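Below: one structure, written as structure tokens.
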Amino acid sequence: MLNIGRMADGLYVGMSGAVARAQELEAIADNLANAQTPGFKAARPAFEALLAEGASSSDRAAVAAVSTGTDLRPGVLSRTNQPLDATPDEGAFFAVKTAQGKVAFTRDGRMSLDADGHLRTAAGPLLSVRGELIRVPPGSKVALDANGLVTADGLEVDRIAVFQLRGAVDRLGPSVLTSGKGGSAQISETKLRIGEIELGNAPPLEAAVAMISAQRHYETSMQAIETYKKLGDRANELGRVR
């Protein structure tokens, strides 16, 4: 005899699994699209098996994506030999000022000068160890050294601030982060690699393999939903016959 309650449970489990895998696919697609984006940090969904309230350990558990963390591990370094390209060692981050006036962090070290003479990255103007914008005189030749020292025509201008991020982070953009709830940013003496940039930390092959696996899990969940729907239709037919 068909058990209507069990079929409902099965549909719920299948749907929760499909939703979780759809979220995973979205994160993996973003990782794959940004594999070559300087300073990009991959998203890593976390999954958890959940039991309905009052259910026993023998009951079916639903799967849900309970959070999506940011992987702060360094990516692959690429040498550019450009004098204003730099990457902090030890997974550290540059501090920038966003358009909203907030402090954010990035490992995209492709630097340039804006119209006002401020040293900046794509994420915004860089901050010095004094917490101020770094400005160089117009028309001067700018150089960086491994200690973050900025010079203009050989004269010291300022020093770039470098931070270590601890705990939770929030994403503002593919290569831009802020400290999350309970997280912190601590200034560091980390050295810079001049003439090198860091690419995304989700290698294309790794992301492609993860996408295939997640797609298979998604299809399995959808097949389970379809099976339980057919069983439900069958149960309704038997009910009408009686």
Side-chain angles (χ1 to χ4, degrees), residues 23 26-46 65-75 80 82 84-138 140 142 144 148-150 152 157-190 192-193 196-202:
Q23 292 174 330
E26 184 177 352
I28 294 171
D30 185 53
N31 293 346
L32 186 57
N34 287 287
Q36 299 298 312
T37 299
F40 174 76
K41 296 303 172 189
R44 306 292 186 190
V66 293
S67 65
T68 300
T70 302
D71 185 351
L72 297 183
R73 291 178 298 176
T80 66
Q82 296 297 314
L84 294 185
D85 284 349
T87 298
D89 275 333
E90 301 175 14
F93 289 76
F94 296 115
V96 297
K97 189 173 184 180
T98 68
Q100 293 73 35
K102 298 181 179 180
V103 176
F105 303 95
T106 184
R107 280 181 63 80
D108 183 353
R110 297 172 296 173
M111 302 180 195
S112 62
L113 296 177
D114 64 18
D116 296 321
H118 294 129
L119 190 64
R120 63 171 295 126
T121 71
L126 285 156
L127 296 179
S128 72
V129 291
R130 297 177 291 113
E132 300 176 357
L133 301 185
I134 300 171
R135 188 177 185 279
V136 299
S140 57
V142 183
L144 310 174
L149 184 66
V150 181
V157 173
D158 220 324
R159 190 179 300 274
I160 299 172
V162 179
F163 290 81
Q164 291 285 350
L165 301 186
R166 308 293 184 192
V169 297
D170 294 327
R171 187 192 298 277
L172 295 183
S175 304
V176 188
L177 306 171
T178 60
S179 293
K181 184 177 181 180
S184 65
Q186 299 175 347
I187 198 161
S188 170
E189 297 294 329
T190 300
L192 304 184
R193 291 178 175 269
E196 297 182 31
I197 60 171
E198 180 189 83
L199 303 181
N201 64 347

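From a predicted model like this one, the values you see are computed outputs, not experimental measurements. For reference, positions follow the sequence shown, starting with 1. Side chains are part of it too, since the values below use all heavy atoms of this structure and drop only hydrogens, waters and symmetry mates.
No side-chain heavy atom of Glu90 sits less than 4.5 Å from a side-chain heavy atom of Glu189. Side-chain contact between Val96 and Arg120: absent, with no pair of heavy atoms (C-beta onward) separated by less than 4.5 Å. Side-chain contact between Leu119 and Val157 is absent, with no heavy-atom pair separated by less than 4.5 Å. Taking 4.5 Å as the limit, some side-chain heavy atom of Leu133 sits within range of a side-chain heavy atom of Leu127. Ile187 is not listed as a side-chain neighbour of Val162, based on a closest heavy-atom distance of 4.5 Å or more. In this structure, the side chains of Met111 and Leu144 come closer than 4.5 Å at one or more pairs of heavy atoms.
Pairs of residues two or more places apart, or lying in two chains, never qualify as side chain to side chain donor-acceptor pair (under 3.5 Å) while including a residue from residues 167-182.
Using a cut-off of 4.0 Å between Lys/Arg side-chain N and Asp/Glu carboxylate O, Arg135 and Asp116 are scored as not salt-bridged.
Here Phe40 contributes atom CZ and Arg107 contributes atom CZ; the two are 14.0 Å apart, rounded to the nearest 0.5 Å. Within the model, atoms OG1 of Thr37 and CG of Asn31 stand 10.5 Å from one another, a figure rounded to the nearest 0.5 Å. Taking OG of Ser140 as the reference point, atom CG of Leu113 lies at 7.0 Å (rounded to 0.5 Å). Between the NZ atom in Lys41 and the CD atom in Glu198 there is a gap of 3.5 Å [rounded to 0.5 Å]. Residue Leu172 holds its CG atom at 7.5 Å from CG of Leu177, rounded to the nearest 0.5 Å.
Pairing each heavy atom of Phe94 with each of Ile160, the nearest pair is CD2-CG2, 3.6 Å. Closest of all the heavy-atom pairs between Phe163 and Ala95 is CE1-CB, 3.5 Å. When all heavy atoms are compared, the tightest approach of Gly91 to Pro74 is CA-CG, 4.2 Å. When all heavy atoms of Ile134 and Ser128 are compared, the pair lying nearest together is CG1-CB, 3.8 Å. For the pair Leu84 and Ser112, the tightest heavy-atom approach, listed with the atom from each and the gap, is CD1-CA, 4.5 Å.
The environment of CD in Gln164 is crowded: more than 12 heavy-atom neighbours from other residues, nucleotides or ligands sit within 6.0 Å.
For the pair Thr87 (side chain) and Glu196 (backbone), a donor-acceptor distance under 3.5 Å is present. Asn201 places a side-chain N or O within donor-acceptor distance of the main-chain N or O of Asp71, the cut-off being under 3.5 Å.
Listed by chain and residue number, nothing satisfies the salt bridge (charged side-chain N to carboxylate O under 4.0 Å, His left out) test with Asp85 (two or more places apart in sequence, or in another chain).
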side-chain contact (heavy atoms from CB on, under 4.5 Å) between Val150 and Leu126, intermediate numbers included: CA-CA 11 Å; Val150 181; Leu126 285 156; over 6 Å; no
